[in-house]
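Residue numbers start from 1 in every chain, and the chains themselves are labelled A, B, ... in the order their sequence lines are given, proteins ahead of strands. For clarity, every value in this text was computed on a predicted model and none was experimentally measured.
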Amino acid sequence: MKLRTWAFCLSEANQNLLRNPVLAIASVTTTAVSLLVLGVFLLLSANVNQIANTIESQVAVRAFFSQSTTPAQESAALVEVRGWPGVRSAKLVTRAQALSQLKQEFGNQGSVLNSLGSANPLEDSLSVTASAPKDVSPLAKRLNGLTGVVQVSYQSQVVSRLFNLIDGVRVVGLGLGILLVLGALLVINNAIRLGIIARRREISIMRLVGATESLVHWPFILEGLILGLIGSLVAAGVSWWGYGAVYSSAARSLPFLPLVSPTPIARDIAGILVVLGVVLGAVGFRLSLRRLARV
Amino acid sequence: MISLRNVSKVYPNGVAALRGVELEVSKGEFVFLVGPSGAGKSTLLRLLFREEVPTSGVVQVNGHDVGRMRRRQIPFLRRQIGVVFQDYRLLPQRTVVENIAFALRVTEIHPREIKRRVGQVLELVGLTDRSGAVPSQLSGGEQQRVALARAMVGHPLVLLADEPTGNLDPQNAQEMMRILLEINRLGTTVIMATHAAQLVDRARQRVVAMEDGQIRRDELAASYSEEVVR
Ligand SMILES: Nc1ncnc2c1ncn2[C@@H]1O[C@H](COP(=O)(O)OP(=O)(O)O)[C@@H](O)[C@H]1O
Ligand SMILES: [Mg+2]
């Protein structure tokens with residue numbers, strides 16, 4: 001199509017939007033809100049993931065040796081474990097070290113341990129940290145199979161609770177996002193349908209005087225794209241700017257919280273939201289195609 | 001130019017609007033399509049610009065098999081056919097000039113050429129001085145002349161008019177008739193479906209009379225009703 005034909009389609013699309021400003025505003029608002037919820041969910045889930053990663057990788061897996069294991073066997077095991085994939089670090093903790101550590105942790109109440117006298121009930125162990133949370137449980141299993149190891153323990157409850165939390169956030173956020181996106185789709189589709197009904201006469205005259213179907217369609221496609229784009233720009237802007245603000249205030253008041261830096265992620269999510277908005281507009285148009293054919 | 005061969009049309013509701021119609025119209029002819037309401041006149045016209053497809057038979061316009069034409073070619077057929085209806089079908093929010101130019105804007109013609117042609121047809125229908133008015137400010141006769149100008153602005157080979165004077169008073173109807181004959185004189189083939197016996201009788205053109213979806217009479221320089229044998 002020629003440039004002035006595009007201009008023609010754009011002015012027709014604009015007329016549609018202006019003829020029904022309430023519906024246009026409703027479309028933009030629902031699109032913006034639904035995409036914003038989606039954006040917030042994405043940011044939240046990225047952060048929960050990051051926090052979980054940090055905590056998780058700090059959790060050490062302990063593999064305890066039987067008392068009959070020789071020091072040579074233990075150091076051989078250490079060398080082997082260090083060679084495994086998914087292992088960040090591994091060190092040997094002798095029973096003496098373990099006891100003094102325990103005494104240190106008890107601090108003032110360390111006297112309780114004095115009753116043990118010279119007996120040390122603890123065992124030598126390997127303390128292993130994983131490079132990623134997903135490596136923790138296979139690592140524990142593998143350590144269990146090591147010769148001389150009688151017991152493996154790690155704080156699996158913390159880990160599984162975190163995973164549950166992440167899954168919960170994911171399900172709720174995604175469900176809410178999808179529901180709202182469907183709502184936005186419905187509203188955009190409705191705006192386009194009403195535009196088609198309002199312009200029935202114009203459409204039938206266009207066809208009568210020999211307009212191609214693409215010329216009949218484009219004003220409505222543009223209408224959908226404009227609605228989706230404006231809505232998504234609002235959502236993208238708010239989530240980008242808003243996350244930046246949250247991040248910098250968190251950095252000030254909660255410096256220990258390992259939030260994801262906004263520079264790549266908030267920008268990427270804003271981009272995703274804009275793309276989604278445009279797709280919403282296009283799908284909103286596509287759903288009304290049959291109505292358009294029946295004019 | 002236009003030919004219908006053994007054309008029948010049965011609507012989805014079972015009404016047989018046309019039954020075995022045979023018709024030939026040559027380039028430059030003027031044809032009145034007459035007959036009682038429900039005879040099938042509008043249906044016949046609708047087949048010519050592919051608003052409907054024939055149930056059987058062949059409809060040809062300017063060498064194209066209109067009934068079997070591919071969907072994407074329909075717009076190009078319609079650019080060669082001008083159509084005027086009883087109810088004008090103008091865009092109420094647009095001026096006379098915009099209404100007429102609308103037909104050319106959708107065909108991607110250069111704006112300068114559009115302006116030139118709109119000026120021409122405005123003159124043809126005698127509305128040059130009303131070019132800035134919107135339809136609600138015009139009389140029925142003027143509105144129908146705008147519709148006629150819009151139909152003619154693309155320089156169609158054929159002009160189809162479905163009861164164009166149906167809503168007009170006798171004076172406006174006569175003016176309309178005068179312009180239609182002028183358009184025909186300038187070379188455009190015209191087919192006009194009508195009930196207006198007086199107009200038909202005065203024009204002395206070819207008359208095709210229909211009844212019950214069939215052609216009953218097809219005479220040159222004829223009148224609305226069958227003339228008594230002289
Ligand atoms: N779209 C349609 N659907 C069903 N029946 C129709 C339709 N259009 C016309 N008809 C029927 O076809 C017959 C011919 O109608 P029409 O071509 O409009 O006749 P005319 O224009 O001569 O009055 C009538 O019986 C009419 O009721
Ligand atoms: Mg009719």
Side-chain angles (χ1 to χ4, degrees), chain A residues 1-24 191-226 285-286 288-295, chain B residues 45-46 48-51 61 69-85 87-94 98-115 117-118 121 135 146-160 162:
Chain A
M1 292 200 297
K2 293 187 176 157
L3 193 62
R4 60 172 169 274
T5 309
W6 284 110
F8 170 80
C9 292
L10 200 60
S11 91
E12 296 285 299
N14 269 334
Q15 274 178 33
N16 273 2
L17 296 175
L18 296 179
R19 202 185 324 244
N20 222 324
V22 175
L23 210 62
I192 294 175
R193 267 164 197 268
L194 283 187
I196 290 171
I197 292 168
R199 287 185 58 219
R200 256 190 326 235
R201 194 182 186 80
E202 202 160 327
I203 293 166
S204 69
I205 291 171
M206 280 177 90
R207 288 186 172 136
L208 181 69
V209 298
T212 55
E213 280 307 289
S214 69
L215 192 64
V216 173
H217 291 177
W218 267 107
F220 296 104
I221 300 175
L222 289 178
E223 184 185 351
L225 293 185
I226 290 170
F285 163 76
R286 184 63 189 76
S288 49
L289 200 55
R290 218 158 10 145
R291 182 72 192 79
L292 194 52
R294 275 190 291 115
V295 167
Chain B
L45 295 182
R46 284 203 284 268
L48 295 179
F49 64 100
R50 183 56 196 263
E51 181 73 15
V61 174
M69 178 173 270
R70 302 177 109 245
R71 200 170 273 278
R72 32 183 319 165
Q73 287 184 309
I74 296 172
F76 303 96
L77 168 78
R78 292 190 181 163
R79 291 176 197 183
Q80 302 189 316
I81 301 177
V83 192
V84 180
F85 300 95
D87 57 359
Y88 325 136
R89 303 201 188 172
L90 300 175
L91 295 169
Q93 281 129 346
R94 293 177 194 244
E98 287 167 351
N99 263 287
I100 299 170
F102 194 76
L104 291 184
R105 287 179 79 181
V106 304
T107 62
E108 308 214 89
I109 288 179
H110 194 279
R112 213 176 310 123
E113 174 68 4
I114 293 182
K115 205 170 167 209
R117 290 220 213 158
V118 171
V121 288
V146 175
L148 183 57
R150 182 183 64 198
M152 290 307 297
V153 77
H155 297 171
L157 296 167
V158 195
L159 178 70
L160 306 178
D162 195 350

Lys/Arg-Asp/Glu bridge criterion (N-O < 4.0 Å) met for Glu202(A), Arg207(A): no
Residue-level contacts of residues 151-160 of chain B with chain A, using a heavy-atom cutoff under 4.5 Å: none
Ignoring hydrogens, what is the shortest heavy-atom contact between Leu289(A) and His217(A)? Give both atom names and the distance. CD1-CE1, 3.5 Å
Looking at CZ of Phe8(A) and CG of Leu10(A), how far apart are the two atoms once the value is rounded to the nearest 0.5 Å? 11.5 Å
So does Gly210(A) get a backbone contact from the side chain of Arg79(B), meaning a donor-acceptor N/O pair under 3.5 Å? yes
With chain A, the option among Arg94(B), Arg72(B), Glu51(B), Gln93(B) that has the most non-hydrogen atom pairs under 4.5 Å is Arg94(B)
Report which part of Leu215(A) has an atom under 4.5 Å of a heavy atom belonging to chain B: side chain, backbone, both, or neither. side chain
Look at Arg89(B), Gln80(B), Glu108(B), Arg71(B) and state which one has the largest set of heavy-atom pairs under 4.5 Å with chain A. Glu108(B)
On a heavy-atom basis, the closest approach of Ala13(A) and Pro219(A) is CB-O, 3.2 Å
Crowded around Arg286(A) CZ? As in, over 12 foreign heavy atoms under 6.0 Å? no
How about Ser288(A) and Ile196(A): do any of their side-chain heavy atoms sit closer than 4.5 Å? yes
Given heavy-atom pairs under 4.5 angstrom as the criterion, report whether the side chain, backbone, both or neither of Arg150(B) touches chain A. side chain
Does Asn99(B) reach the main-chain N or O of Leu91(B) with its side chain, forming a donor-acceptor pair under 3.5 Å? yes
Contacting moiety of Leu77(B), where chain A heavy atoms sit under 4.5 Å: neither
